[in-house]
**Student:** 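The structure's right below; bear with me while I get my questions together.
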Number of protein chains: 2
Amino acid sequence: MIKRKESSVNLENEKALAAECPFIFALSLMGKRWKPAILWKMTEGIYRFGEMKRAIPQISEKMLTQHLRELESDGLITRTVYHEMPLRVEYALTEFGTSLQPILKQLNTWGEKAQNIKNTMPK
Amino acid sequence: MIKRKESSVNLENEKALAAECPFIFALSLMGKRWKPAILWKMTEGIYRFGEMKRAIPQISEKMLTQHLRELESDGLITRTVYHEMPLRVEYALTEFGTSLQPILKQLNTWGEKAQNIKNTMPK
DNA sequence: TGTGGTAGTTACCAAAAAGTAAGTATATGA
DNA sequence: TCATATACTTACTTTTTGGTAACTACCACA
């Protein structure tokens with residue numbers, strides 16, 4: 001679905017880093033653009049596709065689908081389809097996804113500190 | 001030095017996310033390509049430009065310079081020039097940069113778990 | 001005058017990520 | 001038969017990131 005060359009220095013570097021450094025591997029799972037926002041929202045509970053779209057208004061449907069699919073295949077969330085009409089699809093954190101929560105909180109706290117530093121020392 | 005349009009939906013989205021979510025702001029400071037590797041190495045102590053280059057062989061001089069400059073302007077590391085011959089430039093973590101260490105470790109641990117899950121459940 | 005060492009800088013190009021907009025599928029109800 | 005609702009797909013384009021390779025500046029030493 002996402003077209004990528006099978007080899008390029010760029011990709012090889014990324015792979016090598018993710019393989020040798022678990023931290024970078026972790027970032028590859030949850031550190032892309034809208035993923036933190038999605039994961040953050042989901043700590044509140046189950047979300048439907050449309051609900052998440054409304055919860056993060058700037059995200060495009062394409063990016064939302066793409067990120068949800070990746071999070072699912074990486075084992076962070078589950079996707080459940082209810083064959084009703086209109087269709088209902090629910091997304092929820094897995095246990096593994098939930099285990100990220102305390103780390104997200106810590107990084108969030110650190111990020112707040114960083115924002116303050118930036119604001120008190122402009123330029 | 002780094003050319004970026006002053007406005008684009010892409011950039012505006014990134015800014016908005018970083019402003020409202022400290023977690024994403026944190027990622028923008030330390031989550032790019034070689035930065036975790038650089039920060040990780042530096043927890044061992046002071047590094048010279050050339051030492052870091054040899055410590056992370058795949059990194060190009062361009063990316064190393066760029067990341068070091070960004071880490072410096074974001075207050076995570078210091079850059080000290082010694083006007084000797086040959087020139088000596090030393091990079092070291094600031095207190096703020098050091099405060100990231102426990103979080104890096106936690107995410108690292110989580111990443112290891114994720115790697116194991118991936119390896120035990122291929123496909 | 002030329003070679004070597006440190007620490008970069010620069011221009012150019014390839015690759016990847018993200019955005020846009022229009023289209024798909026399924027079924028209900030007017 | 002048309003409009004509505006949900007949940008996507010797809011083709012295409014723009015923007016951003018990363019890599020390559022050649023070049024700069026400073027000075028020491030032979």
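Note on naming: letters A, B, ... go to the chains in the order of the sequence lines (proteins, then strands), and numbering restarts at 1 for each one.
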**Student:** Expressed in angstrom and rounded to an integer, what is the separation of A:Q58 atom CD from C:dG19 atom P?
**Tutor:** 10 Å

**Student:** Reading 5' to 3' and counting Watson-Crick or G-U wobble pairs with both distances under 3.5 Å, write the dot-bracket notation for DNA chain D, | for bases paired outside the strand.
**Tutor:** ||||||||||||||||||||||||||||||

**Student:** Is any side-chain nitrogen or oxygen of A:S8 closer than 4.0 Å to OP1 or OP2 of C:dA16?
**Tutor:** yes

**Student:** Rounded to whole Å, please give me the gap between CG in A:L11 and C1' in C:dA14.
**Tutor:** 13 Å

**Student:** Specify whether A:F49 and A:Y91 have parallel, tilted or perpendicular ring planes, treating 30° as the upper limit for parallel and 60° as the lower limit for perpendicular.
**Tutor:** tilted

**Student:** Please determine whether salt bridge (charged side-chain N to carboxylate O under 4.0 Å, His left out) holds for the pair A:K35 and A:E70, giving the CA-CA distance in whole Å, both sets of side-chain angles, and the decisive distance to 0.1 Å.
**Tutor:** CA-CA 9 Å; A:K35 282 186 186 176; A:E70 289 173 11; 2.7 Å; yes

**Student:** Does a side-chain N or O of A:W34 approach OP1 or OP2 of C:dG19 to a distance below 4.0 Å, or not?
**Tutor:** yes

**Student:** Starting at atom CD1 of B:I59, determine the distance to atom P of D:dT17, rounded to an integer number of angstrom.
**Tutor:** 15 Å

**Student:** How about B:W34 and A:N13: do any of their side-chain heavy atoms sit closer than 4.5 Å?
**Tutor:** yes

**Student:** Which whole-number value in Å describes the distance from A:N10 CG to D:dT17 P?
**Tutor:** 12 Å

**Student:** Rounding to an integer number of Å, can you tell me how far A:L64 CG sits from D:dC8 C1'?
**Tutor:** 10 Å

**Student:** Might you point out which heavy atoms bring A:L11 and A:S8 nearest each other, and give the distance in Å?
**Tutor:** N-OG, 3.0 Å

**Student:** Rounded to the nearest angstrom, tell me the gap between atom CD in B:E12 and atom P in D:dT15.
**Tutor:** 12 Å

**Student:** Give the rounded distance in Å between these two atoms: NZ of A:K62 and P of D:dT15.
**Tutor:** 14 Å

**Student:** Compare side-chain N and O positions of A:N13 against OP1 and OP2 of D:dG18 and report whether any pair is under 4.0 Å apart.
**Tutor:** no

**Student:** Going hydrophobic residue to hydrophobic residue with side-chain gaps under 4.5 angstrom, can you get from A:Y82 over to A:M42?
**Tutor:** no

**Student:** Considering only side-chain heavy atoms of B:R33, which listed nucleotide, D:dG18, C:dA18, D:dT16, is closest?
**Tutor:** D:dG18

**Student:** Can you check the A:Q66 CD to C:dA18 P distance for me, whole Å?
**Tutor:** 7 Å

**Student:** Between protein and nucleic acid, restricted to nucleotides 2-8 of chain C and to nitrogen or oxygen atoms under 3.5 Å apart, what atom pairs and distances do you find?
**Tutor:**
residue, atom, partner, partner atom, Å
C:dT6, O3', B:R48, NH2, 3.0
C:dT6, O3', B:L87, O, 2.9
C:dA7, OP1, B:R48, NE, 3.1
C:dA7, OP1, B:R48, NH2, 3.1
C:dA7, OP1, B:V89, N, 3.2
C:dA7, OP2, B:G50, N, 3.1
C:dG8, OP1, B:R69, NH2, 3.3
C:dG8, OP1, B:R79, NE, 3.4
C:dG8, OP1, B:R79, NH2, 2.5
C:dG8, OP2, B:Y91, OH, 2.7
C:dG8, O3', B:R69, NH2, 3.4
C:dG8, N7, B:E61, OE1, 2.8
C:dG8, O6, B:E61, OE1, 3.1

**Student:** When hydrophobic residues are tied together by side-chain contacts of less than 4.5 Å, even through go-betweens, does B:I117 share a cluster with A:L71?
**Tutor:** yes

**Student:** Is it the case that the side chain of A:Q115 and the backbone of B:A18 share a donor-acceptor pair, with hydrogens and angles ignored and the cut-off at 3.5 Å?
**Tutor:** yes

**Student:** Assess whether atom CD of A:E95 is packed by more than 12 heavy atoms of other residues, nucleotides or ligands within 6.0 Å.
**Tutor:** no

**Student:** Out of D:dG18, C:dT20, D:dT16, which nucleotide sits closest to the side chain of B:M63?
**Tutor:** D:dG18

**Student:** When the ring centroid of A:W110 is compared with that of B:F25, is the distance short of 6.0 Å?
**Tutor:** no

